[in-house]
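Beneath this line is the structure, given in structure tokens, with notes to follow.
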Amino acid sequence: MSMLVKRLPELSKIPHYYGYRYMLNPAVHNKIFDKLQLHKTYLNPGRLKVLDLYPGPAQHSVIFNNRLKPAQHVLMDARPDFVKHIGALISDEEVNSSTIELYEGDPYDWDSYTSMIDEHKVLTPSIKGLEAIHDEFLVMANLSGMIGEGLFMQWLACIGNRNWIQRFGRVKLLVWVQESTAVKLLAKPGDQLRSKCSVVTDAFTNTKLIATMEGRSPRDSKFNSDLLAKHEPIFFSAKDVWMPSGKPISLIEVNPNNHHVDLDNFDYVTKHLLILKSTPLSSALDSLGHGGKEYFRSVIRDEKLLQKCPKDLTVEEFMYCTKLFDLWPFKPDIYMDFIDVFQDND
Amino acid sequence: MLRYSSSSCRFAVLKRLNRQIRPVSHTALLRKPLNLDGTRTQSSNEDIGFLKSSAVSMTPGFNPFDNSDAVVQAGESRSIMNLWSLLEACLHSGYLDRAFSILKSLYGLKSHRNSFIDDYNKYLMKFAEGVTDLKVLDRKVFHDLQKNFPATEYNDKTLAILLHNALKIPTTNESRSEHCQTYLKMAVSGYRGIMSNVDILTVENYRTLVHDLKLVELSYLPVELRTLVDAADHTTETADSAPITPVGAGNMSGTKKEDTGLTLDRDIQSLKKDASELLAVDTIGMKVVRHTLLGITLTDDHRKQISEFNFNSASNLLNFEEGKENIDFFEIHRLLKTEDERAAFDKALDTFNHDRQHQLENRATDAAKERWKHDFEEAKARGDLSIQKKLNIKLWEWFNQMLPLVKEEVKRCTDIANKAVSDPSLSSQEKKQNKARQEYGPYLTLVDPEKMCVITILELLKLNSTGGVIEGMRTARAVISVGKAIEMEFRAELLLKNESHVFKDINKKSHEFKLLVQRARNTFRSMKIEESKILWPQEARAKIGSILISMLIHVAKVKVEGVDPVTSQKVEGEAPAFSHGYQYHNGSKLGVLKIHRSLVHQLNGERLVAAVQPQLLPMLVKPRPWKSWNSGGYYYTQSTLIRSKDSPEQVAYLKAVSDASAIDNVYRGLNVLGETSWTVNRKMFNIMSHVWNTGKPFLDIPGNENKLVLTPQPPRDADPSVHRQWKLKNKELANEFSSNRSARCDANYKLEIARAFLGERFYFPHNLDFRGRAYPLSPHFNHLGNDMSRGLMMFWNGKRLGSTGFKWLKVHLSNLFGFDKAPLDERVAFAESHVNDIKDSAENPLDGNGWWKKADKPWQALATCIELNEALKMENPHDFISHVPVHQDGTCNGLQHYAALGGDVEGATQVNLMPSDRPQDVYSHVAKLVVARLERAAAKGDEMAAILKDKVKRKVVKQTVMTNVYGVTYIGATHQIDKQLSSVFDDHKRSYEMSKYLTKHVFASVRELFEGAHLIQDWLGECAKRISKSIRLDIDEKAFKNGNKPDFMSSVIWTTPLGLPIVQPYRENGKKQVATNLQTVFISDPFAVNPINARRQKAGFPPNFIHSLDASHMLLSAARCGDYKLDFAAVHDSYWTHASDIDTMNILLREQFIKLHEVDLIERLKNEFDERYKNYLQILKIDKKSEVACKIVTLRKELSQKLGRQFTLADEIYMEKKRVQLLESEDPVEKANGAAMVTTVSLIGEAGDVGSLEKSNDASCIMVLAPLSLPQIPPKGDFDVRELENSKYFFS
DNA sequence: AAATTATCTACCGACAATATCAATATATATGGA
DNA sequence: TTTATATATATTGATATAAGTAATAGATAATTC
């Protein structure tokens, strides 16, 4: 493992790559691994398959591989410099793992997964039911780059839809994201940053903050203090992170749950209500469609609920609104809810 | 502009500009032998506007923002406008106290002091209305001017106001006379000065002063009024008609004779009013417009006039076909036999149309309301109040429900404005609301609530499905549109009021006198309307717009159907017709106002193309001639000469040169364009309307698609890429649907407007874009429109073809077919070879073999076929009276100007500046050059070249060559070429590779061909870049807020040959959020002065400069054609006139092009820049180790020590400013001090050749300030522009 | 002071993000002299 | 009555929003460490 550190100066030659940052302290990785208690989920490592997306320097891959001893561990990356680096890394005898392999493909591209899984059958996860977290498949990813947030949001939608790799079951995700993204995702009702994605996260997953970067002055984290108390994340230093410059990052653990959500209506209702996140429902509901205010006022008996603001609502309350919305005879066409971009041809 | 010395005068500037800088080279001497003889020199020295105008805009005293202190002005010009509009609003709403306090604020703005008296006068006028005692008024004025505003002096208008009130307020005759005498004695510039205020004094006032009190001689009155005042006196005394010469005889003297022929009495056949004729052909859409347009013909007064004419002159020709359409004036006119008859007819039509125009611009909203009411009452009478109500009935109901709300709100606003003290018992929310009311209240109380309701409803319907919203509109657009419409209405009423004022208290005695007044009104309309320069702030517009809209949302309901998801039963209910919400686009929120689907369907079904802006239709009378920067065009709808994109800077320049009457040539040209009379080509209209009614797609008319059907959603667990495809597909469908819808809508507008103008004579008022190109003011239907619009219209006047006209008509047809690259006789031959096709097309346009549809411009081709066919049917085709405009287009006009500027001989040849037997086709030529290059490269073994060399056709390079003039970038051109090549290569990647490669060669070829032109293009770009990165000495400190680099504020400004000052408006957009009732909207404040957008300044300047030249050429040609009484129209670089006049026009336009380019425009531009931007600074990077650099570093250190802090760039600039001020001082001591001063800039100046020190890449640089210097003008080629006099194909 | 990241990509006519909250600026009130 | 401080309110600024980067890639300006 020491050679990994040796490799660092070499890595610094790789040009900045759209904001990606990687934790490169083995000790921290080990601490993280301990905290995750993965063996409780993956009782039979011999059947475990791991998909490692945007592994970059792949230090964590090696560590996790050594400790988890999965049956198969596929690293997917397409960035030439990292591909080269990983190629060298896995052939290095010091790494000493026969289970790590590289699949050259862009994790951003949906086709990369279909071709890897369905076409080339490089990785073939088993299909599991929805009653528990998938116990033979783990996905790790580093989405700390600037496209990362967008991609994660799409993955979240995939959890809802149960497509992409979530079609194999409730597959656990370990994802490095920018701190700001983690803050958004983990915002609770009443938080300033409570937004659609945090509602969705609540609805579809059980997500935990595993590790996060220390602020310049200790404990000035953007995270809510209750949240920190609850999740007790590992704090690490910015010095352990490469690239040295960039935005702070956090590691989250995403455990998809067995949800039963009316997806499209839920999406529409949350999206629209959270635009007026500090406006009482009694007014905010009017923005759902023609006559929204009148309808919802007639069906919501709970005056206290009507006085609440969208940002204070729990997932259950959003679900309740969704249900009412669905029952609304004059509800608007939710599939026409987009702007037709102005573009002239020729 | 800095005001360094008070003594500098325009003269000096003028001299500087006029000096010959570029030495006349030997070649130039050879090229222009005529320069040596007097005649030529004279012609090139003749100023067509530039010299005078540029001198005005560069006089040191002139500042685009009307004051000397640039730091204050940016803030003040904005607050002045806000205060003005608020003052105006308060005055009209009668909030005098508040108005007075605004007045005080205005007085507080020093920069505004000079024109403050005008504001005071406005206030005084209103104040006086409520005064019943002259003494009170006197005291008030005295007190105000002495105590409240001591720095202000009254002017003649103040006196006119006092005079007017002295005559109005009841008092004894002695006292009245005494007062009047006092005021008259106080005159600032004589009695005439006072008397010229026709917006204050009324005809009756004048009459009293002249005839009763005998204080003023008739000759002191404005000339237009004398007859009328005299007549007023006669009629009051005798009540009998004395023979009266018409007022405004100046422009009507030629037709006086007919006047007497048309005596105004007797035998007035009162024609039956028949409303149904208007509806007969009506598809319910456009009723509002149609009613507005056609309804006015119904008044008996109008019919009377027509019938009088009919009765006296041509009774057998006038034929009202009952129950059909409006009177076909065109047909009547066409069939008239003599010129005299025509003139008489024209005159009658003119009088009639003046009235209609007046109605058109003023009564639009009323007309709409009447329509709704009518439909409602009709339905009620029938007992038909079914659930699916007709649209108009709904609208009428909404209107009626909305009205009380609006009235209530207006009342609240008035209460608050009057009370001023807020009740402490109110809740905080109410307090907030009242506060808001204080802000928008004054604006909301200006226009009749009824009108506001109608406007709101119409605007919202009009905006249906705009802005990319599927069933609705963007809120921001909606609130501003409503606000703007209210403002427009207010302004129209204001203009109307002003106009009527002078005639206000006349006792209308006789018919003759009424007519006289009528005539006087008409002359007055074009004479003396003082346009307001006040604009409401966007914020105010948005606010009142949102208030009104939210009230409409509140009341407007529609019946809706839905399905209960539980019971699956059909449910009926009522829902708001409009709903406010949001949609996301790329993560940004967008406020939308949705229209309920049932209403959208109804709108589609009824094909209501709600209210075309009735104020902005083509005009029935000649537009008001342009006289100043904001006076011209429509009569009651304010329009400005230039559509400045919210750029107060250009307006300021424009005002200055306009006031100095330096741009009269621009006005002349524009007025010629406006005077061209048009009519709808009825045959074409009938064909198109037939096609339209089938609802099927035809040529560029899209078919009628009912509703948007989206594809069904894929299964939940389908791959994300499938979901993505689905979304994409839906967006595409929606896009297609809405672009189809808007295209159909657009065509509908065109047809409906054309229908309304069938048989009418109409005109297009024009104004200019910021570069001086002319555009018709009326949207939708104008000659700049697509082929369809163009095919729909033709000249009102017909002219006999003659032999050349016949020839040109054939050429025109050939051109429309795209067969325009052959010599003229071949084009004639082309037309002649298709005689049978022409006949078939003309006679069976839809059922025949449709030859015309194959044309490039099928509709116009068809119109031409019809004319040609008619002509051919005649015994002598030359006798045919032709109406179709024939076009002469410049071949690549931009390149023509470039070639003339750059003097490229080869380039000039290729764009037909050189005489030639055949027209040259520059695109083919470039293609040839490219192929040659490729062949050479292929010979050297370049594979790509070998593959490409036989694939390069004219079409491949055309777009790129064309857009090259507009500064297309390498990457942009690659895309264009890729579009062409993508059909050749199946692999995208490969085709892109090839395109990249080919683009390089195309660029190189174009550059080779137009070398001089490109050097100029580069030079222009470089100048623009440096200017937009230059620093004014009096730069705002705030510009330094982000670091040591200031925000750059100077835009590129130049003066066109005609004297029009152009200011490139490209600045960073300074939009801000503004809170309204519904949501906040994100809008730009037009008075904010934002930093320059250097990139756009640079990229835009070369094309803009060229466009300003072609605009000048067009306006000059227009004016010339006007001199020759040609009907002239133009689409930038395509000039139109009658077939028979083409030869004349061709001579004139060549003459004007030569005249334009005889002066070395580039050199003159450089002089202008040098002058305008002298003392501006630029930031340079120079070698650290150079001598100057060392000196500067030392100086900086010194100064830094003295100051005890970092010596900043701002300090350096300030210091240099001081130095320049001292240097330009009158005082010799100061001057010497200035000369002795050493600044970082002066050090650079001493160093001389700065260019050699410039270093950009190296680390061993320091940043220094240097005087702005522009690059040297590139050398010019040998082409002599006068060659084109004989170039047949220059325009063809 | 170098390197990463964002923007724009042919001109004009032309047509537009918004809600919320923290932080600052300004106005008003209060208090003390 | 006048000036200084505290509080209230207005204005300004920052940030999040949604969720394929439209099919394409290079130059240049802006920003950041």
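Residue numbers start from 1 in every chain, and the chains themselves are labelled A, B, ... in the order their sequence lines are given, proteins ahead of strands.
Residues passing the ring-ring contact (aromatic ring centres under 6.0 Å, His included) test with B/His1014: none are found, sequence neighbours excluded. By the ring-ring contact (aromatic ring centres under 6.0 Å, His included) test, B/Tyr584 pairs with no residue at all, sequence neighbours left out. Scanning for side-chain hydrogen bond (donor to acceptor under 3.5 Å, both in side chains) contacts around B/Gln1079 gives B/Thr475, B/His580, with sequence neighbours left out. In this structure B/His975 satisfies the ring-ring contact (aromatic ring centres under 6.0 Å, His included) test together with B/Tyr992, sequence neighbours excluded. For B/Asp746, the salt bridge (charged side-chain N to carboxylate O under 4.0 Å, His left out) partners two or more places apart in sequence, or in a different chain, are B/Lys750. Considering only residues two or more places apart in sequence or on other chains, A/Asp312 meets the salt bridge (charged side-chain N to carboxylate O under 4.0 Å, His left out) condition with none of them. The salt bridge (charged side-chain N to carboxylate O under 4.0 Å, His left out) test applied to B/Arg790 returns no partner, not counting sequence neighbours. Residues satisfying the ring-ring contact (aromatic ring centres under 6.0 Å, His included) criterion with B/His1113, sequence neighbours excluded, are B/Tyr1135, B/Phe1153, B/Phe1291.
With both pairing distances under 3.5 Å, D/dT21 is matched to nothing as a Watson-Crick or G-U wobble pair.
The pair A/Glu179-A/Lys222 counts as a salt bridge, with a side-chain nitrogen and a carboxylate oxygen less than 4.0 angstrom apart. Under a 4.0 Å N-O distance rule, the pair B/Arg773/B/Asp769 does not qualify as a salt bridge. Comment: B/Glu993 does not engage B/Lys989 in a salt bridge, judged by the lack of any side-chain N to carboxylate O separation of less than 4.0 angstrom.
Among the heavy atoms of the strands lying under 4.0 Å from B/Arg1095 is at least one base atom, whether or not backbone atoms are also near. Using a 4.0 Å heavy-atom distance criterion, A/Ile147 is classed as a base contact. Within 4.0 Å (heavy atoms only), B/Arg773 reaches no atom of the nucleic acid at all. If you check every strand for non-hydrogen atoms under 4.0 Å, A/Met146 touches sugar and phosphate atoms only. Across all strands, B/Asn964 comes closer than 4.0 Å to no nucleic acid atom at all (heavy-atom distances).
The residue among B/Lys1025 and A/Lys184 whose nearest nucleotide of DNA chain D lies closer to the 5′ end is A/Lys184.
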Heteroatom pairs (N/O) under 3.5 angstrom, protein to nucleotides 19-26 of chain C:
from	atom 1	to	atom 2	distance (Å)
C/dA19	OP1	B/Tyr582	OH	2.3
C/dA19	OP2	B/Thr1080	N	3.0
C/dA19	OP2	B/Thr1080	OG1	2.8
C/dA19	O3'	A/Ile275	O	3.3
C/dA19	N7	B/Gln1073	NE2	2.9
C/dA19	N6	B/Gln1073	OE1	3.0
C/dT20	OP1	A/Lys277	N	3.4
C/dT20	OP1	A/Ser278	N	2.8
C/dT20	OP1	A/Thr279	OG1	3.2
C/dT20	O3'	A/Ser278	OG	3.3
C/dC21	OP1	A/Ser278	OG	2.9
C/dC21	OP1	A/Lys311	NZ	2.9

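Side-chain contact between B/Ile1106 and B/His897 is present, with heavy atoms from C-beta onward closer than 4.5 Å.
In this structure, A/Lys271 does not reach the D/dT17 phosphate: none of its side-chain N or O atoms is under 4.0 Å from OP1 or OP2. Of the side-chain N and O atoms in B/Lys996, one or more sit less than 4.0 angstrom from OP1 or OP2 of D/dG26. In this model, the phosphate group of C/dA14 is approached by a side-chain N or O of B/Arg643 to a distance below 4.0 Å at OP1 or OP2. Look at B/Tyr1066 and you'll find a side-chain N or O under 4.0 angstrom from OP1 or OP2 of C/dC12. Close to D/dT17, at under 4.0 Å from its OP1 or OP2, lies a side-chain N or O of A/Ser195. Taking side-chain N and O atoms only, B/Arg724 has no distance below 4.0 Å to OP1 or OP2 of D/dT21. Close to D/dA29, at under 4.0 Å from its OP1 or OP2, lies no side-chain N or O of B/Lys1029.
Within residues 151-160 of chain A, the residues having any heavy atom under 4.0 Å from DNA chain D are, by residue number, A/Leu151, A/Met153, A/Gln154. For DNA chain D, the neighbouring residues in residues 966-977 of chain B, judged by any heavy atom under 4.0 Å, are B/Ile971, B/His975.
The cationic group of B/Arg1095 does not satisfy the cation-pi geometry with B/Tyr1066, failing either the under 6.0 Å distance to the six-membered ring centre or the 45° limit from the ring axis.
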Query raised in the report: In dot-bracket, 5' to 3', how would DNA chain C read with Watson-Crick or G-U wobble pairs under 3.5 Å, [ ] for crossing ones and | for pairs to another strand?
Result: .||||||||.......||||||||||||||..|
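The stacking criteria are not both satisfied for B/Tyr775 over the base of C/dG13, which would need a centre-to-centre distance under 5.5 angstrom and an angle between ring planes under 30 degrees.
Side chains of B/Asn767 and B/Ser639: a donor-acceptor N/O pair is absent below 3.5 angstrom, by distance only.
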